[in-house]
Amino acid sequence: MQKLLNVGLLLLIAAVFAGCPSGADKTQTSDKATKTAKDKGKAAVKDGASKATADEPSIDTSAGDALMNLDAAKWGPDSLETVKNYSLYREFYKQKSYDDAIPYWRYVFKNAPAARKTPLLNGEKMYKHYIDQEITATVCEKGEVEGKNKKGCKDEDKGKFKGWKFKDEAKVTALMDTIGMIYEARKTHFGEEGFVNTLNYRLLKDYKPGETAKLDALCEKAVEADQEFLAYDVMWAHFATLIKKYKAQTFNAQQLIAAYEPLEEVVDFNVNNNEDNSEKMIGVYQKYGDKMSGIMQKVIDAEDARDEAQAAATERANVKDCPSVKEFYGAKYNAAPNDLAILKTYYSKLKRAGCTKDPEYTKLLMKWNELEPSASRTRIIAQTYQKNKDYSSAKTYYKKSLDLESDPSKKAKVYMRLAKIAQAADKDYGQARTYAQKAIQADPGTGAPYMLIGDLYASSAGRLKSDGVNGRTVYYVAVDMYRKAADVDPGVSSKAKEKIGKYSAAFPSQDDKTNYFMQKSKNFPAVGSSISVGGWIGQRTTVK
């Protein structure tokens with residue numbers, strides 16, 4: 001343990017001297033990176049390099065520097081003590097010595113719950129570990145299997161998995177309550193209001209799957225709060241519950257169709273969300289969307305056959321392509337364009353007939369949003385325009401959705417959409433950064449905006465060649481952003497580290513520094529020196 005403590009204290013010293021968490025000109029580095037920087041500095045002195053500032057004009061960097069200093073006050077009244085506890089808990093955590101980590105973790109959670117999302121994710125994992133230790137047996141339909149072993153139910157022919165047997169139910173409840181507190185901290189400090197319902201659902205599903213009433217309630221909350229950003233597993237679970245209610249006749253067909261409509265929007269949004277979702281995730285949403293659509297079509301066909309004369313049912317059943325849907329349902333809609341029920345039916349029929357590219361489909365969506373405004377539907381309209389490369393209209397509707405939205409994490413996603421349009425379509429990197437900064441302010445725990453800003457910087461070398469080293473100083477500020485992304489959001493740390501490696505290799509070379517001397521008649525600033533990166537970037541950083 002003493003060895004771990006010594007390592008933890010070394011990490012603390014590294015964190016403090018690296019400027020954790022201070023600003024854009026004080027980036028976090030490891031002990032190895034600090035030693036490398038010192039070695040490079042010594043080498044520069046031997047070569048006759050002087051520690052001078054770069055030859056750029058003075059630039060007002062207050063806006064950018066303020067962004068990087070936003071979290072300075074989040075480390076509690078005694079920031080040094082908090083950083084020490086953070087460092088120690090992290091070292092024990094990495095060694096999976098959770099009993100040793102927990103006291104230090106508790107100090108960080110109590111005094112600085114908003115400093116980083118990492119402790120919240122780590123705390124969740126540690127307390128789930130303690131719950132797992134309470135499991136003595138796996139409960140199956142036809143008996144029990146020793147230990148935590150879902151697969152054992154099938155392997156030992158004991159039917160489906162039903163739940164767990166715990167040593168101490170009260171202790172498990174207390175541990176789950178603690179995890180619930182961690183989730184509340186995520187909601188309070190990182191704007192994840194909607195997603196917390198999904199997290200609570202998954203926690204209960206994992207450890208107390210038999211509490212179906214509570215699970216159904218959490219599903220409903222998640223559907224309402226997460227809207228089109230709903231996770232596919234919760235979407236499918238909610239749909240399965242709706243079908244059970246319909247089969248049990250506690251839900252009629254009209255109620256089922258109304259409850260299904262938001263799930264259709266979830267599928268549409270995520271299948272078309274190519275810029276944020278991976279191909280695998282798009283495929284998952286498509287798979288469950290097709291399953292739900294197939295089941296719903298059977299329900300609708302059955303209702304048509306039951307409630308209408310056979311001739312009418314046959315006529316409706318044959319209305320399956322775009323022209324026939326528009327002719328049959330369009331006439332009803334044109335007769336009563338403000339009737340929401342008729343509008344929704346027409347809209348749904350167009351969707352199921354594969355008419356989503358028809359102008360009538362978009363017109364109905366906009367009319368629906370006019371009669372029943374929602375942030376979610378407004379974002380879907382914006383996405384439709386974006387997909388059709390009408391970026392001006394897309395930006396208009398994304399901005400409208402911000403006025404209708406109260407969930408900070410969803411606002412952050414919208415700001416990121418606007419940032420990417422500014423980056424890719426408008427080539428306005430300054431505006432793209434501004435939107436990314438707004439995303440950070442809305443959801444401080446997400447690393448995606450920092451990654452985007454890093455990409456903006458890294459792609460600007462050709463614009464800023466006046467720095468005397470072929471624009472390569474942009475890679476210093478790009479790496480600052482990637483380090484910040486990895487620091488605040490473990491979810492992007494792997495990708496951030498890849499980019500740190502890539503762009504660290506692109507730092508000014510010795511040839512670049514020689515050219516700098518030839519142009520400026522002075523040596524390039526030594527490692528550790530503060531310099532300005534000019535142009536649209538306008539940021540201060542350190543030579544690395």
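For clarity, every value in this text was computed on a predicted model and none was experimentally measured.
Aromatic rings of Tyr361 and Tyr347 (six-membered ring for Trp) have centroids within the 6.0 Å cut-off, being under it. Aromatic rings of Trp105 and Phe109 (six-membered ring for Trp) have centroids within the 6.0 Å cut-off, being under it. Aromatic pair Tyr398/Tyr415: ring centres not closer than 6.0 Å. A ring-centre distance under 6.0 Å is found for Tyr346 and Tyr333.
Taking CD1 from Ile179 and NZ from Lys128, the interatomic distance works out to 6.0 Å, rounded to the nearest 0.5 Å. In this structure, OH in Tyr104 is found 7.5 Å from NZ in Lys84, a value given to the nearest 0.5 Å. In this structure, CG in Asn149 is found 7.0 Å from CG in Asp155, a value given to the nearest 0.5 Å. Atom OG1 of residue Thr118 and atom CG of residue Asp487 lie 6.5 Å apart, to the nearest 0.5 angstrom. A distance of 5.0 Å separates CD1 of Ile135 from CZ of Phe166, quoted to the nearest 0.5 Å. Between atom CE of residue Met292 and atom NE2 of residue His238 there is a gap of 10.0 Å, rounded to the nearest 0.5 Å.
The backbone N or O of Asp216 lies less than 3.5 Å from no partner atom in the side chain of Thr241, so there is not a single donor-acceptor pair. Distance alone, capped at 3.5 Å, places no donor-acceptor pair between the Asp443 side chain and the Ala439 backbone. For Asn111 (side chain) and Tyr107 (main-chain N/O), a donor-acceptor pair under 3.5 Å exists by modelled atom type. Thr82 places a side-chain N or O within donor-acceptor distance of the main-chain N or O of Trp75, the cut-off being under 3.5 Å. With hydrogens and angles disregarded, a donor-acceptor distance shorter than 3.5 Å links the side chain of Thr250 to the backbone of Lys245. Listed for the Asn197 side chain is no donor-acceptor partner under 3.5 Å among the backbone atoms of Cys219. Between the Ser348 side chain and the Thr345 main chain, no donor and acceptor come within less than 3.5 Å of each other. In this structure a side-chain-to-backbone donor-acceptor pair under 3.5 Å is missing from Lys117 to Arg186. Distance alone, capped at 3.5 Å, is enough to place a donor-acceptor pair between the Gln255 side chain and the Asn252 backbone. Of the possible polar contacts, one joining the Ser504 side chain to the Ile500 backbone as a donor-acceptor pair under 3.5 Å is found.
Looking at heavy atoms from C-beta onward, Glu224 lies out of side-chain contact with Glu220 at the 4.5 angstrom threshold. Between Phe239 and Ile295 the shortest side-chain heavy-atom distance falls below 4.5 Å. In this structure the side chain of Ile102 reaches within 4.5 angstrom of the side chain of Tyr127, judged on heavy atoms. With contacts defined as side-chain heavy-atom distances shorter than 4.5 Å, the pair Glu264/Phe269 does not qualify. The side-chain heavy atoms of Tyr285 and Met235, taken from C-beta on, include a pair separated by under 4.5 Å. Using a 4.5 Å heavy-atom cutoff, the side chains of Asp226 and Lys410 are in contact. At a threshold of 4.5 Å between non-hydrogen side-chain atoms, the residues Glu192 and Asp407 do not count as touching. Between Lys411 and Pro408 there is no side-chain heavy-atom pair separated by less than 4.5 Å.
Counting heavy-atom neighbours within 6.0 Å of Lys162 NZ, excluding the residue itself, gives a total of 12 or less. Environment of CD in Glu146: sparse, with no more than 12 heavy atoms of neighbouring residues, nucleotides or ligands closer than 6.0 Å. Enclosure of atom CD in Glu141 by more than 12 non-hydrogen atoms of other residues, nucleotides or ligands within 6.0 angstrom is indicated. Other residues, nucleotides and ligands place no more than 12 heavy atoms under 6.0 Å from the NZ atom of Lys495. The 12-atom threshold is not exceeded at NZ of Lys205, counting heavy atoms of other residues, nucleotides or ligands nearer than 6.0 Å. With a 6.0 Å radius and a threshold of 12 heavy atoms from other residues, nucleotides or ligands, Lys438 has its NZ atom at or below the threshold. At most 12 non-hydrogen atoms from other residues, nucleotides or ligands lie less than 6.0 angstrom from NZ of Lys154. When the shell of 6.0 Å around NZ of Lys367 is examined, it contains more than 12 heavy atoms from other residues, nucleotides or ligands.
Pairing each heavy atom of Leu452 with each of Ala436, the nearest pair is CD2-CB, 4.4 Å.
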For side-chain contact (heavy atoms from CB on, under 4.5 Å), just list the numbers for Trp164 and Ile131, CA-CA rounded to whole Å, side-chain angles, deciding distance to a tenth of an Å, and then say yes or no. CA-CA 11 Å; Trp164 310 109; Ile131 295 176; over 6 Å; no

From CA spacing to verdict: side chain to side chain donor-acceptor pair (under 3.5 Å), Tyr130, Asp99: CA-CA 10 Å; Tyr130 290 133; Asp99 289 348; 2.7 Å; yes

Let's go through Val139 and Phe161 carefully: what are the C-alpha distance in whole Å and the side-chain angles of both, what is the deciding distance for side-chain contact (heavy atoms from CB on, under 4.5 Å) to 0.1 Å, and is it a yes or a no? CA-CA 6 Å; Val139 180; Phe161 166 75; over 6 Å; no

Applying side-chain contact (heavy atoms from CB on, under 4.5 Å), run through Asp403 and Thr378 and close with a yes or a no. CA-CA 10 Å; Asp403 295 332; Thr378 305; over 6 Å; no

Under the criterion side-chain contact (heavy atoms from CB on, under 4.5 Å), I'd like the reasoning laid out for Asp489 against Met451: C-alpha separation, chi angles, the key distance, then a yes or no. CA-CA 10 Å; Asp489 186 355; Met451 294 293 290; over 6 Å; no

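No donor-acceptor contact under 3.5 angstrom links the side chains of Asn122 and Tyr98, judged on distance only. Under 3.5 Å, the side chains of Gln227 and Arg377 contain no donor-acceptor pair of N or O atoms. Judged by distance alone, the side chains of Asp321 and Ser324 do bring a donor and an acceptor atom under 3.5 Å apart.
Between Arg379 and Glu228 there is a salt bridge, with a side-chain nitrogen of the basic residue lying less than 4.0 Å from a carboxylate oxygen of the acidic one. Using a cut-off of 4.0 Å between Lys/Arg side-chain N and Asp/Glu carboxylate O, Lys221 and Glu193 are scored as not salt-bridged. Under a 4.0 Å N-O distance rule, the pair Lys171/Glu134 qualifies as a salt bridge.
Remark: Lys413 is positioned above the aromatic ring of Phe229, its terminal NZ or CZ atom under 6.0 angstrom from the ring centre and at most 45 degrees off the axis.
Pairs passing the side chain to side chain donor-acceptor pair (under 3.5 Å) check and including a residue from residues 173-183, sequence neighbours excluded, read Glu124-Tyr183, Thr173-Lys208.
Between Tyr232 and Tyr288, the ring planes lie parallel to each other; the angle is under 30°, not in the 30° to 60° tilted range.
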